[in-house]
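Numbers here are sequence positions counted from 1.
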Amino acid sequence: MPTMFGPVFNREAILAPKRTKTYLARSLYALGFFLLLSTGYLVLAGNRPLQTAGDSARFGGWMFALLVPLQLIIVTFQAAIGSASNIAQEKDRRTLILLLLSRLTGFELVVGKLAASLIPVVQSLAAGVPLFLAIVCLGGVSLSQFAGAYGVTCATALLAASIGVVIALWREKTFQTIAVTLLAIALWVAAWEVAASGSIPMVPEWLPAYASPVQALQSAIAPISLRPTAIPVTLGFGVFTLAISAAITALGVWKIRVWNPSREVRVQASDATEEAAEEKEASLASTWKVREARAVWNNPILWREVCTWAYGRKVLVIRFAYLLLVALAAAALAQVLAGGLSISELPPGTLPLAAIGVISLAIVNALAVNSVTSERDGLALDLLLATDIEPKEFLFGKILGVLFVAKEMVVLPLVLAGYVWYSGGLSGQNFVFTMIATAVLYLFVIVLGIHCGLNYANSRTALLTSLGTFFFLCLGIAICMVIMVSFRGAFQLQLAPFLAIILGGGAGLLASLGRRNPSPAISLASFGLPFATFYAITTFLLQRGQLWVLVAVGVGYGFATLAMLIPALSDFDVAMGRSHSTTEESE
């Protein structure tokens with residue numbers, strides 16, 4: 001049935017209900033939030049049963065305040081990465097050019113892709129409605145708070161999807177698209193949070209509440225209005241965000257046929273006659289100077305990553321945006337260390353360092369995935385399989401190449417940690433532990449990205465699987481620990497409900513990491529990583545020996561890295577037809 005969004009959206013709306021993953025993703029989304037709600041209830045009931053209406057209301061209000069921000073983070077990530085990867089996949093397969101050659105208008109292409117990418121987001125939000133209404137029935141939360149929180153979440157998801165679609169249309173390389181999208185959203189949130197703190201005198205006090213999703217969500221879930229204004233904060237945020245989203249989408253509609261196809265994929269028209277071609281070659285030979293061939297290293301994979309613009313020249317834009325984000329994090333660190341801000345129950349500087357660290361790891365992980373999927377989409381991986389390149393040359397070349405390209409994302413968080421140590425917020429021993437643990441985590445996310453890139457033929461699936469695994473380990477376990485720390489109960493009462501979440505997460509990791517080549521090492525790593533992360537965060541929050549945090553991170557993530565790396569070497573060797581047995585038989 002025709003709709004105002006055009007045939008691009010119609011096709012996705014027709015195919016989405018036919019996919020099994022649509023129902024699976026929706027069920028897992030609702031199940032995850034239900035498990036978190038049940039975990040909170042079991043933890044609290046183990047310490048103090050809910051006997052009165054007041055206890056139920058306090059529990060409902062606390063769980064609502066915990067789950068709503070978590071939903072905002074998940075939905076924003078899903079909308080941004082899903083929309084950006086959707087357009088990037090069209091470009092990698094050269095199908096966007098075919099759409100541009102059709103009769104589709106710019107509005108039908110851009111708005112259709114935007115609406116199509118929001119279908120999974122809308123399904124996830126709809127699946128969570130009954131659960132949040134159940135929390136409202138517990139008491140402590142009103143329907144207006146529920147409606148305001150959902151309104152802020154929907155508006156933020158629309159803004160994130162708009163940014164992802166337009167940036168994907170603007171940039172040609174998949175890594176550029178994902179990195180710029182993540183940095184743009186992070187800069188948007190960080191800039192308005194800095195403005196809300198009063199650090200920018202030129203910005204009116206009321207504006208950050210209408211522009212920052214964090215401030216708007218806090219106002220939405222607060223039982224009493226924290227900012228008495230003429231226009232409700234949630235309504236003002238919705239109108240402002242819709243206006244910004246419309247402006248960004250209009251820019252994409254206007255520029256879609258200007259940006260695409262880019263110069264990298266345009267085919268130059270051939271000369272009309274051979275004489276014209278000969279005259280052109282003669283003129284070029286007389287005016288151009290032939291460039292000498294460059295010497296290639298023994299490892300051509302590493303040489304290409306280091307000595308060429310393998311990911312496009314616009315990587316400089318990513319680096320500049322990342323430097324701005326680091327500058328904002330450094331300013332926040334300075335305020336924390338000076339005592340201007342307080343982070344309860346955490347060492348000074350933990351929140352800014354953790355935020356910049358998670359963003360850096362996500363960008364490096366996306367780069368690692370793209371380093372493999374770009375080879376496959378460009379049909380270069382098959383050529384590499386036909387050469388005499390050794391598996392170790394390919395894998396270690398990619399690992400070292402990713403570290404070189406993303407050197408700012410690796411070095412600058414350590415520089416910020418060094419600043420915290422210099423200012424007295426971190427001891428010398430803990431600074432060394434931080435550097436070692438950070439190095440292990442960066443190696444893990446790189447190998448995870450390469451592993452997913454090799455195991456999944458679909459570029460979008462590989463990217464979403466890798467980033468989803470990373471965010472589960474960072475966000476899912478952290479949310480569990482927030483529940484544990486907040487209720488302050490006995491550990492033996494809290495362990496049982498958390499085991500269900502950890503085992504479920506381990507099964508999910510096994511399904512994603514061991515999809516093609518399951519092994520005992522992959523199985524052990526899949527179920528061991530949540531436990532290692534759980535123990536590391538618990539020990540860190542309780543401040544009971546940072547050495548054991550390093551041991552948990554080093555052993556857990558180091559073993560998982562080896563479990564993915566060693567099979568990749570052997571499997572790649574077999575795929576290239578150069579196994580040891582084959583070599584011996586040929587001799």
Going through the distances and angles, do Leu66 and Leu70 end up as a side chain to side chain contact (heavy atoms under 4.5 Å, CB included)? CA-CA 7 Å; Leu66 173 67; Leu70 175 62; 6.0 Å; no

Measuring from Ile81:CD1 to Leu463:CG, what's the distance to the nearest 0.5 Å? 6.5 Å

Report the C-alpha distance between Phe404 and Leu302 in whole Å, list the side-chain angles of each, state the deciding distance to 0.1 Å, and finish with yes or no for side chain to side chain contact (heavy atoms under 4.5 Å, CB included). CA-CA 10 Å; Phe404 177 81; Leu302 180 59; over 6 Å; no

In Å, rounded to the nearest 0.5 Å, how long is the span from CD1 of Ile450 to CG of Leu565? 8.0 Å

Can you tell me if CH2 on Trp192 sees more than 12 non-hydrogen neighbours from other groups inside 6.0 Å? yes

Considering all heavy atoms of both residues, which atom of Ala366 and which atom of Ile178 are nearest to each other, and what is their separation? CB-CG2, 3.8 Å

Would you say Ser360 and Tyr322 are linked by a side-chain donor-acceptor pair, where the criterion is simply a distance under 3.5 Å? yes

If you measure only the distance, is there a donor-acceptor pair under 3.5 Å linking the side chains of Ser117 and Asn86? no

For Lys91 and Asn260, does a side-chain donor sit closer than 3.5 Å to a side-chain acceptor? yes

At their closest point, which heavy atom of Leu169 faces which heavy atom of Gly252, and how far apart are they? CD1-O, 4.4 Å

Using every non-hydrogen atom in the two residues, find where Ala65 and Pro69 come nearest and quote the distance to one decimal. O-CD, 3.0 Å

Sorted by first residue and then second, give each ring-ring contact (aromatic ring centres under 6.0 Å, His included) pair with at least one member in residues 441-465; sequence neighbours left out. Phe444-Tyr557

Could you tell me whether the side chain of Glu393 and the main chain of Glu390 form a donor-acceptor pair under 3.5 Å? yes

Rounded to the nearest 0.5 Å, how far does CD1 of Ile363 lie from OG1 of Thr181? 10.5 Å

Kindly compute the distance separating CD (Gln89) from OG1 (Thr177), expressed to the nearest 0.5 Å. 12.5 Å

Can you tell me how far the CG atom of Leu529 sits from the CG atom of Leu513, to the nearest 0.5 Å? 8.0 Å

Going by salt bridge (Lys or Arg N to Asp or Glu O under 4.0 Å), name the pairs with one or both residues in residues 402-417, residues two or more places apart or in two chains. Arg319-Glu408

Might you point out which heavy atoms bring Phe471 and Ala362 nearest each other, and give the distance in Å? CZ-CB, 4.2 Å

Could you list the residues that satisfy salt bridge (Lys or Arg N to Asp or Glu O under 4.0 Å) with Lys398, not counting sequence neighbours? Glu305, Glu375

Between Met564 and Val447 the two heavy atoms that sit nearest each other are CB-CG1, 3.9 Å

To the nearest 0.5 Å, atom OG of Ser212 lies from atom CZ of Phe240 at 10.5 Å

Go through it in stages, so that I can follow the logic: the residues are Thr156 and Val75, the test is side chain to side chain contact (heavy atoms under 4.5 Å, CB included), and I'd like the CA-CA distance, side-chain angles, deciding distance and then a yes or no. CA-CA 9 Å; Thr156 306; Val75 167; over 6 Å; no

Tyr29-Gln71 side chain donor-acceptor pair, cut-off 3.5 Å: yes

Minimum heavy-atom separation for Ala532 and Gly556, please, with both atom names. CB-CA, 4.0 Å

